[in-house]
Amino acid sequence: MEFDLIERYFTPLSLGLPEGDLSIGDDGALITIPPEHQLVVVTDTLVSGVHFPHETRAYDIAWKALAVNLSDLAAMGASPIGFSLGLSLPKTCAESEQWMADFSQGFHDLVASTGMKIPLVGGDTTRSDILTLTVSAKGVVRKGRAVLRSGAEAGDIVAVTGVLGEGALGLALALDTLSTELKTGLSEQDQRHALNYLNRPIPQLAMGQCLYPLANSAIDISDGLLQDLGHILERSSMSTGKPLGARVELNDLPLSSGVRKLVAQEALWQMPLSGGDEYQLCLTVKPENWSALQALAAEHDVVLSRIGEITGYAGIELTLCGEGDAVPDFAGFQHF
Ligand SMILES: Nc1ncnc2c1ncn2[C@@H]1O[C@H](COP(=O)(O)OP(=O)(O)OP(=O)(O)O)[C@@H](O)[C@H]1O
Ligand SMILES: Cc1ncc(C[n+]2csc(CCOP(=O)(O)O)c2C)c(N)n1
Ligand SMILES: [Mg+2]
């Protein structure tokens with residue numbers, strides 16, 4: 001049964017490797033790494049009910065599982081060359097032609113939207129009561145040109161791509177946890193945009209490839225801005241041995257029209273600061289490189305916003321119109 005599934009739904013996604021390489025069909029895949037490059041390997045697991053609501057469409061589940069992996073590659077400054085899929089699925093899904101077709105279409109359409117060749121190179125399919133996917137994307141980067149979390153320096157500008165808080169708003173709408181009052185303030189367009197953003201994140205691959213050599217550090221925001229910026233601070237101060245922190249101006253956070261309304265109505269800063277599910281890049285850049293990076297972002301139609309700076313003392317400080325030193329008491333998404 002699983003062999004039929006693989007043949008029918010997954011083998012068509014596996015085409016596009018260079019001559020002599022091998023994808024689905026043997027005990028392992030064979031992938032040639034271009035000379036002078038390093039292989040970048042990322043892995044993300046998605047569990048039904050934990051990473052997406054149980055009711056999520058098969059198409060969106062597949063899209064998101066690959067998108068969050070490509071987002072990690074983008075944050076490293078890497079170009080994707082393929083991905084593998086560990087799939088544990090309930091019998092009802094495996095037996096539904098429509099579910100399986102929709103699922104494989106999600107991968108197909110995301111890959112097509114990137115304009116790159118990103119074949120499915122292999123994986124494993126098993127039965128499970130809870131739908132679980134583990135995608136591992138493979139990418140390449142020129143030797144020594146990966147952008148790490150550990151390169152931030154005091155005085156760097158902190159910037160983010162896209163908007164913040166939209167994934168958290170989408171999740172609140174999907175799980176119906178917003179109060180009626182807040183929900184009625186949102187237009188249909190606001191709601192559609194947030195749900196789409198939650199279900200079909202767009203990995204910032206083009207921006208990722210503009211990072212080297214301008215950006216000092218980067219991370220993709222999956223658990224929330226504060227937590228993920230915290231990872232940059234932690235890694236960077238470990239590598240320099242000096243304390244590092246950040247000052248973030250709330251008014252400079254890029255917000256969608258929906259999140260802007262919620263923040264105006266109820267100061268729901270928690271959404272853009274700690275909501276997670278963003279899959280945008282947070283990066284730090286020396287002030288003298290900022291305008292060059294902004295120009296590259298504009299060339300790729302990416303909105304890149306300056307939200308603060310790296311400081312030489314520990315902790316993330318939040319300001320509103322330059323005033324205050326509120327230290328937030330909410331961190332970000334944690335599994336345990
Ligand atoms: N089970 C594991 N075995 C080995 N390494 C792990 C395991 N889980 C996480 N890691 C490693 O720990 C580091 C942080 O992982 P984490 O999953 O938190 O990444 P992230 O990029 O911060 O979040 P996200 O998974 O949302 O992208 C990575 O280097 C990852 O490879
Ligand atoms: C049903 C449902 N409940 C909660 C969330 C929120 N959520 C789950 S995992 C995660 C961080 C990234 O995961 P990881 O760190 O495992 O890569 C976030 C923000 C969701 N998307 N769906
Ligand atoms: Mg990440």
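In each ligand, atom 1 is the first atom listed, and ligand 1 is the first ligand listed.
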Atom name of the N, O or S atom of Asp220 nearest to the Mg ion (ligand 3) is OD1
Only one of Tyr9, Phe10, Phe83, Tyr59 passes ring-ring contact (aromatic ring centres under 6.0 Å, His included) with Phe107, and that residue is Phe83
Quiz item: Counting both backbone and side chain atoms, is some N or O of Asp228 under 3.5 Å from an N or O of ligand 1?
Solution: no
Return yes or no for this condition: an N or O of His231 is under 3.5 Å from an N or O of ligand 1. no
- Item | Check: Asp223 N/O within less than 3.5 Å of ligand 1 N/O | no
Ligand 2 atoms nearer than 4.0 angstrom to some heavy atom of Gly275 are 19 (C)
Among the N/O/S atoms of Asp72, the Mg ion (ligand 3) lies closest to OD1
Under 4.0 Å from one or more heavy atoms of Asp72, ligand 1 contributes atoms 21 (O), 27 (O)
Note: Val68, heavy atoms under 4.0 Å from ligand 2, region reported as neither
Closest to atom 20 (C) of ligand 2 among protein heavy atoms sits Val50 O, 3.4 Å
Should Lys64 and Asp277 count as an ion pair when the cut-off is N to O under 4.0 Å? yes
- Message: Run the ring pair (Phe, Tyr, Trp, His ring centres under 6.0 Å) test on His335 and Phe333 for me, step by step, so that the C-alpha distance in whole Å, both residues' side-chain angles and the decisive distance to 0.1 Å come before the verdict.
- Response: CA-CA 7 Å; His335 281 288; Phe333 186 86; 4.9 Å; yes
*Heavy-atom protein contact below 4.0 Å for atom 21 (O) of ligand 1*: yes
